[in-house]
Amino acid sequence: MTLTRRDFSRLAALGAAAHLIPASTHAQSAQKKTGYAVIGLGRIAGHFIAGAHATANSQITALVSGHRDKAEKIAAENNIPASSIYNYENFDQIANNPAVDAVYVALPNSMHAEYTIRAAKAGKHVLCEKPMATSVEDCEKMIAACKAANKKLMIAYRCHYEPTNLRAIKLIRDGDLGQVQTIQSAFGFNIGKGEWRCSKALAGGGPLYDVGIYSLNACRYLTGEEPDRIAAYASTIDHDGRFNEVEENVSWTMHFPSGVVASCSTTYGANMEGYFRVYGSKGWLQVDNAFAYEGLHLRAQLSGKQLDEPNPSHDPSHFQAEANHFSHCIQNNLEPQSPGEEGLRDMQYIAQIYRAAGIKA
Ligand code: NAD
């Protein structure tokens, strides 16, 4: 994400700061709300449903699930008629549902491409979870399908709409750190047995696809640059059945055209709170819990000032800002700040990291 000062003001005005504005004063409240069909009713879907409800411009109008009982329960809680519950077989009938403007794809990674393409063909805009897909080729097909259908595609990079991450970007862009020299970032967790995330067919790969992508994406939005050289190592230490198909650990370094170097790690073998630290010629900043749903905390030591800024907002504020932004783009025919091309770029770098680490894609 190359975030210029103009982009930053636009974001603050449109989406990222919108959850700070009381609903009653929200300029969009008189407009028809954008209706979303949520595809896949797992963990993240619950956060998104709560986040969309908290906006003034979005609502959940349909559900897509392989589990009818679960879908009926969630539909009842959200005033969704039973006629707007779909399964994976009859999903394409969503084309005939005028209450659905967009879909939110919250399925395992390898299913993102199929449901994005089917949704576009059904005439719906698409908000797709990260990672965008499991291959560069699938990302390209998703972008092409949405373009052909003249529908918008946004990748759910919620940190692009999150105030503490935006504050870190602004401090860097404003020159408060001087010349950025180096970045460190990591994110990981100790995964349980039996997770689809450990299936190569469903996940595409290991922790890099799932959580390492946050560090990768952060280094891009913090520098506003695209890496031009990548080196990487991967390893599996625990042979307990979890890592038969995907690797346990990945560490990689990136060189950016300005000379900034970044060093990142991800793991499925240890609990590793997400963070980034940025070191510049005039000072440093760090964000702890940088990729969590709440509890983000920015600290910085810059020439002449020290910052200590805990973010008091609570889940589902990230999802609220994200839904608000995409609905605003749909309602005003604007390009989302994190379009399909942003997801594609990360997928290209993930492929490079894998090649550098000697992992067969
Ligand atoms: P989850 O396992 O909790 O939910 C996945 C859903 O997909 C379930 O409802 C499951 O029933 C359904 N499903 C359909 N076919 C399936 C199949 N063949 N195998 C397994 N499940 C199947 O997963 P989740 O944590 O909600 O992740 C879903 C997506 O959201 C992933 O792409 C993940 O990377 C992304 N995610 C994003 C964030 C974020 O903060 N943006 C956080 C967590 C997950």
Side-chain angles (χ1 to χ4, degrees), residues 38-51 63-67 69-71 73-74 88 104-113 115 128-135 155-159 185-218 232-252 264-276 288-296 314-316 318-319 346-347 350 353-354 357 359-361:
V38 176
I39 314 178
L41 302 178
R43 282 161 284 197
I44 200 67
H47 295 269
F48 181 77
I49 290 171
L63 302 174
V64 184
S65 174
H67 304 276
D69 293 356
K70 181 166 63 172
K73 185 170 170 287
I74 297 173
Y88 299 114
Y104 169 62
V105 181
L107 292 162
N109 308 343
S110 66
M111 300 171 77
H112 292 183
Y115 284 88
C128 177
E129 263 306 338
K130 49 51 60 182
M132 180 171 173
T134 51
S135 71
I155 308 307
Y157 283 115
R158 60 188 162 75
C159 294
S185 181
F187 195 17
F189 67 98
N190 205 338
I191 201 163
K193 283 195 174 143
E195 274 267 0
W196 61 259
R197 285 172 164 80
C198 291
S199 150
K200 190 161 176 65
L202 287 168
L208 178 59
Y209 278 77
D210 189 28
V211 282
I213 191 171
Y214 285 92
S215 293
L216 166 60
N217 197 255
Y233 287 97
S235 72
T236 296
I237 296 169
D238 292 304
H239 296 280
D240 54 13
R242 290 179 297 168
F243 305 112
N244 294 342
E245 298 183 21
V246 301
E247 71 290 345
E248 186 174 20
N249 305 301
V250 184
S251 283
W252 72 102
C264 304
S265 291
T266 185
T267 183
Y268 270 164
N271 289 325
M272 193 157 71
E273 201 175 77
Y275 72 87
F276 55 75
D288 290 313
N289 264 327
F291 316 120
Y293 304 148
E294 57 187 22
L296 286 75
H314 288 291
D315 184 42
H318 296 193
F319 301 89
D346 274 348
M347 197 54 55
I350 286 173
I353 292 168
Y354 263 44
I359 298 172
K360 235 178 105 214

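Throughout, numbering of the chain's residues begins at 1 and tracks the sequence.
Applying the ring-ring contact (aromatic ring centres under 6.0 Å, His included) rule to Tyr115 yields the partners Tyr88, Phe91; only residues at least two apart in sequence or on another chain are considered. In this structure, the salt bridge (charged side-chain N to carboxylate O under 4.0 Å, His left out) partners of Lys73, at least two apart in sequence or on a different chain, are Glu77. Applying the side-chain contact (heavy atoms from CB on, under 4.5 Å) criterion to His112, with sequence neighbours excluded, gives Val105, Leu107, Asn109, Cys128, Glu129, Met142. Residues forming a side-chain contact (heavy atoms from CB on, under 4.5 Å) with Asp69 (at least two apart in sequence, or on another chain): none. Ala232 meets the side-chain contact (heavy atoms from CB on, under 4.5 Å) test with Trp252, Ile353, Ala356, Ala357; sequence neighbours excluded. For the side-chain contact (heavy atoms from CB on, under 4.5 Å) test, residues two or more places apart in sequence or in another chain that qualify with Ala218 are Tyr221, Leu222, Phe276, Phe291. Not counting sequence neighbours, Glu245 has no partner by the salt bridge (charged side-chain N to carboxylate O under 4.0 Å, His left out) test. Legend: residues meeting ring-ring contact (aromatic ring centres under 6.0 Å, His included) with Tyr354, ordered by chain and number and at least two apart, are Tyr209. Residues satisfying the ring-ring contact (aromatic ring centres under 6.0 Å, His included) test with Phe48, not counting sequence neighbours, are Tyr36, Tyr104. Among residues two or more places apart in sequence or in another chain, the ring-ring contact (aromatic ring centres under 6.0 Å, His included) test is passed with Tyr157 by His160. Taking the salt bridge (charged side-chain N to carboxylate O under 4.0 Å, His left out) definition, one finds that Asp240 meets it with Arg242, sequence neighbours left out.
Side-chain atoms of Pro316 and Tyr293, non-hydrogen and from C-beta on, never get closer than 4.5 Å to each other. Looking at heavy atoms from C-beta onward, Ile74 lies in side-chain contact with Leu63 at the 4.5 angstrom threshold. Proximity of Cys198 to Ile191: side-chain heavy atoms (C-beta onward) are separated by under 4.5 Å at one or more points. No side-chain heavy atom of Pro207 sits under 4.5 Å from any side-chain heavy atom of Arg197.
Here the side chain of Thr236 pairs a donor or acceptor atom with the backbone of Glu248 at under 3.5 angstrom. The backbone N or O of Glu294 sits nowhere less than 3.5 Å from a side-chain atom of Asp315 that would complete a donor-acceptor pair. Of the possible donor and acceptor atoms, one in the side chain of Lys70 sits under 3.5 Å from a partner among the backbone N and O of Leu41. Formation of a donor-acceptor pair under 3.5 Å by the Ser110 side chain with backbone atoms of Ala201 is found in this model.
The stretch residues 267-276 participates, sequence neighbours left out, in these side-chain hydrogen bond (donor to acceptor under 3.5 Å, both in side chains) pairs: Asp210-Tyr268, Asn249-Thr267.
A distance of 11.0 Å separates CD of Glu195 from CG of Leu202, quoted to the nearest 0.5 Å. Distance CZ/Phe187 to CG/Asn289: 8.5 Å, rounded to 0.5 Å. Between Lys130 atom NZ and Ile155 atom CD1 the span is 11.5 Å, to the nearest 0.5 Å. In this structure, the separation between OG on Ser265 and CG on Leu208 is 11.0 Å, given to the nearest 0.5 Å. Separating the CG atom in Asn244 from the NZ atom in Lys200 is a distance of 13.0 Å, to the nearest 0.5 Å.
The environment of Tyr233 atom OH is sparse: at most 12 non-hydrogen atoms of other residues, nucleotides or ligands sit within 6.0 angstrom.
Of all non-hydrogen atoms in Gly40 and Ala106, the two that sit nearest each other are O-CB, 3.7 Å. The shortest heavy-atom contact between Ile359 and Ala234 is CD1-CB, 3.5 Å. Here the shortest heavy-atom pairing between Val38 and Ala45 reads CG1-CB, 3.7 Å. Thr134 and Gly204 make their closest contact through CG2-CA, 3.5 Å (heavy atoms, listed as atom of the first residue, atom of the second, distance).
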Between Leu296 and His318, does a side-chain contact (heavy atoms from CB on, under 4.5 Å) hold up when you go through it step by step? CA-CA 11 Å; Leu296 286 75; His318 296 193; 3.9 Å; yes
